[in-house]
Chemist: 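One structure follows; several queries about it will come next.
Computed from a predicted structure; not experimentally measured.
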Amino acid sequence: MNNKGKLEIEKKYSYEGDLEIKLRNLNPLEKDSLEIIDQYFDTDDYFLIRKDFWLRSRQIRKSEQLWELKYPADSSGDDESFSKYFESSNQQEIADILSNILSPSTKTKNLEDLFQSLKLKIFASFKTTRKSFVIDEITIDLDQTDFGYKLAELEIVLDVDSSQDKIKQSIQKIKNLAFKLGIDEQEAASKPGKMFAYFSKFKPEIYAILLEQRNSKALKNKTK
């Protein structure tokens, strides 16, 4: 699927216990369970993740490899505990965006050229088993990784030019559902996300970079 022109509003929670039972009690639309293999790519000095750009290849079951790029949208004025990302799975668009921030003087024809010229390498790889549900425009993904971490992601996908009112309504919808599911916001916020958990376990040098970025962002928000 081509996600060009889409904006993701999402909140992630680590979870244990009976969250799935509570979710099923709300009679959601249940989608097929998936097995996903993700590989993340960056330069040797982690230039992309320092800018909060996430380039990955994703394979679902034994389907064809899909390329995805997530990069930050302006979140000023919104609830900072929620993530706002643009996402593209169009290879030419991904190549153009990455070429612009990594090597503006280089005219990149496609994603393969970009990999060769900038020597992008895998820095993270893991498998996720995912159960997905839908309630009132909200997609709920319950993920179990092969390194033992469980994560619930509540997400609404909007058009890229959606109004601030629509974005705020989406955030409130997600908050209301989290409340119905009995998710403790403060407790959930104190636990790391899936990538933080992976890096803390396997890539401490990247974990240190992300921790510094998160602390810097929190300090910036306090001084607004």
Side-chain angles (χ1 to χ4, degrees), residues 1-10 12 31-75 83-130 132 139 141 143 145-147 149 151 153 155 157-161 193-210 212-213:
M1 185 177 81
N2 183 355
N3 288 325
K4 185 176 180 180
K6 296 299 180 182
L7 176 65
E8 295 181 347
I9 310 296
E10 63 185 22
K12 298 180 180 181
K31 302 167 74 173
D32 291 340
S33 295
L34 301 174
E35 187 174 275
I36 301 167
I37 298 175
D38 285 324
Q39 293 180 315
Y40 288 81
F41 295 80
D42 207 336
T43 60
D44 285 335
D45 61 354
Y46 306 119
F47 183 88
L48 292 177
I49 64 171
R50 290 177 188 274
K51 291 185 173 294
D52 204 13
F53 278 62
W54 298 87
L55 174 64
R56 71 184 175 201
S57 69
R58 168 164 286 185
Q59 187 171 27
I60 300 174
R61 297 195 181 101
K62 295 182 179 180
S63 64
E64 185 178 348
Q65 186 182 46
L66 174 70
W67 287 98
E68 296 178 334
L69 177 67
K70 296 180 71 170
Y71 54 103
D74 180 18
S75 60
S83 298
K84 279 177 59 181
Y85 283 92
F86 296 117
E87 179 173 322
S88 176
S89 58
N90 180 288
Q91 289 195 28
Q92 188 57 57
E93 183 183 30
I94 292 171
D96 291 343
I97 293 170
L98 293 181
S99 179
N100 187 51
I101 65 168
L102 285 165
S103 184
S105 61
T106 302
K107 295 297 183 181
T108 302
K109 294 181 179 179
N110 54 47
L111 198 56
E112 184 178 352
D113 289 345
L114 190 72
F115 268 76
Q116 292 177 354
S117 63
L118 298 174
K119 299 179 180 179
L120 298 176
K121 299 177 181 178
I122 296 172
F123 68 90
S125 179
F126 54 85
K127 181 168 65 177
T128 301
T129 301
R130 169 170 292 177
S132 293
T139 297
D141 293 330
D143 289 352
T145 69
D146 61 358
F147 58 92
Y149 199 69
L151 186 80
E153 178 180 292
E155 175 187 86
V157 178
L158 302 175
D159 291 330
V160 70
D161 57 354
K194 182 165 53 178
M195 297 306 293
F196 264 89
Y198 177 90
F199 294 139
S200 67
K201 191 170 186 177
F202 301 109
K203 297 280 187 177
E205 73 279 12
I206 303 179
Y207 179 77
I209 292 171
L210 295 182
E212 180 181 358
Q213 286 183 334

Chemist: For Asp141, run the salt bridge (Lys or Arg N to Asp or Glu O under 4.0 Å) check against Arg130, Lys12, Lys31 and tell me which one passes.
Modeler: Arg130
Chemist: Are Phe126 and Phe147 near enough that their ring centres are under 6.0 Å apart?
Modeler: yes
Chemist: Quick one, Leu55 and Tyr40 - any side-chain contact, counting heavy atoms below 4.5 Å?
Modeler: no
Chemist: State which residues pass ring-ring contact (aromatic ring centres under 6.0 Å, His included) with Phe196; sequence neighbours excluded, sorted by chain then number.
Modeler: Tyr207
Chemist: Report yes if the side chains of Gln91 and Asn110 come closer than 4.5 Å at any heavy-atom pair, otherwise no.
Modeler: no
Chemist: Between atom CD of Glu10 and atom OG1 of Thr139, what is the distance when rounded to the nearest 0.5 Å?
Modeler: 11.0 Å
Chemist: Restricting to side-chain hydrogen bond (donor to acceptor under 3.5 Å, both in side chains), what partner residues turn up for Glu64, sequence neighbours left out?
Modeler: none
Chemist: Excluding sequence neighbours, so at least two apart, what forms side-chain hydrogen bond (donor to acceptor under 3.5 Å, both in side chains) with Thr128?
Modeler: none
Chemist: Between Ser89 and Glu68, does a side-chain hydrogen bond (donor to acceptor under 3.5 Å, both in side chains) hold up when you go through it step by step?
Modeler: CA-CA 4 Å; Ser89 58; Glu68 296 178 334; 5.8 Å; no
Chemist: Any chance you could lay out the salt bridge (Lys or Arg N to Asp or Glu O under 4.0 Å) test for Asp42 and Lys121, step after step, and finish with the verdict?
Modeler: CA-CA 6 Å; Asp42 207 336; Lys121 299 177 181 178; over 6 Å; no
Chemist: In Å and rounded to the nearest 0.5 Å, what is the NZ to OH distance from Lys201 to Tyr149?
Modeler: 11.5 Å
Chemist: Testing the basics here: between Phe86 and Pro72, what is the closest heavy-atom pair and its distance to 0.1 Å?
Modeler: CD1-O, 4.0 Å
Chemist: Would you say the side-chain atoms of Glu93 and Ser88 include a donor-acceptor pair closer than 3.5 Å?
Modeler: yes
Chemist: Please evaluate residues Glu212 and Arg50 with respect to the criterion salt bridge (Lys or Arg N to Asp or Glu O under 4.0 Å), reporting the C-alpha separation (whole Å), side-chain torsions for both, the decisive distance (0.1 Å), and the verdict.
Modeler: CA-CA 10 Å; Glu212 180 181 358; Arg50 290 177 188 274; 5.7 Å; no
Chemist: Begin with the C-alpha distance, continue with both residues' side-chain angles, and end with the deciding distance and a verdict on side-chain contact (heavy atoms from CB on, under 4.5 Å) for Ser57 and Leu66.
Modeler: CA-CA 6 Å; Ser57 69; Leu66 174 70; over 6 Å; no
Chemist: Please check: side-chain N/O of Ser63 versus main-chain N/O of Ile60, any donor-acceptor pairing under 3.5 Å?
Modeler: yes
Chemist: Nearest 0.5 Å, what's the CG-OG distance between Leu210 and Ser200?
Modeler: 10.5 Å
Chemist: Counting the benzene-type ring for Trp, do Phe123 and Phe41 have ring centres under 6.0 Å apart?
Modeler: no
Chemist: Is the shortest heavy-atom distance from the side chain of Glu8 to the side chain of Glu87 under 4.5 Å?
Modeler: yes
Chemist: Side chains of Asp52 and Tyr85: do they bring a donor and an acceptor to under 3.5 Å?
Modeler: yes
Chemist: Can you list, pair by pair, the side-chain donor-acceptor contacts under 3.5 Å of residues 32-39, counting residues two or more places apart and other chains?
Modeler:
unit_1 : atom_1 : unit_2 : atom_2 : d
Asp38  : OD1    : Arg58  : NE     : 2.7
Asp38  : OD1    : Arg58  : NH2    : 3.4
Asp38  : OD2    : Arg58  : NH2    : 2.9

Chemist: Within the 4.5 Å heavy-atom criterion, are Leu7 and Asp159 side-chain neighbours or not?
Modeler: no
Chemist: Measure the shortest side-chain to side-chain distance between Trp67 and Arg56 over non-hydrogen atoms and say whether it is less than 4.5 angstrom.
Modeler: no
Chemist: Is any side-chain heavy atom of Glu153 less than 4.5 Å from a side-chain heavy atom of Lys194?
Modeler: no
Chemist: Side-chain contact test, heavy atoms from C-beta onward, threshold under 4.5 Å: evaluate it for Leu98 versus Leu48 and give yes or no.
Modeler: yes
Chemist: Among residues at least two apart in sequence or on other chains, which ones pass side-chain hydrogen bond (donor to acceptor under 3.5 Å, both in side chains) with Glu205?
Modeler: Tyr46
Chemist: Can you tell me how far apart CG (Leu102) and CG (Leu114) are? Round to the nearest 0.5 Å.
Modeler: 6.5 Å
Chemist: Among side-chain atoms of Thr43 and Asp45, is any donor-acceptor pair under 3.5 angstrom?
Modeler: yes
Chemist: When you compare the side chain of Ile97 with that of Leu69, does any pair of heavy atoms fall below 4.5 Å?
Modeler: yes
Chemist: I'd like to check the ring-ring contact (aromatic ring centres under 6.0 Å, His included) partners of Phe53; sequence neighbours left out, ordered by chain and number.
Modeler: Tyr71
Chemist: Between the main-chain N or O of Lys127 and the side-chain N or O of Asp146, is there a donor-acceptor pair closer than 3.5 Å?
Modeler: yes
Chemist: Say you draw a straight line from OG of Ser125 to CZ of Phe202; how long is it, rounded to the nearest 0.5 Å?
Modeler: 10.5 Å
Chemist: Show your working on side-chain contact (heavy atoms from CB on, under 4.5 Å) between Leu158 and Ile9 and close with a plain yes or no.
Modeler: CA-CA 8 Å; Leu158 302 175; Ile9 310 296; 3.9 Å; yes
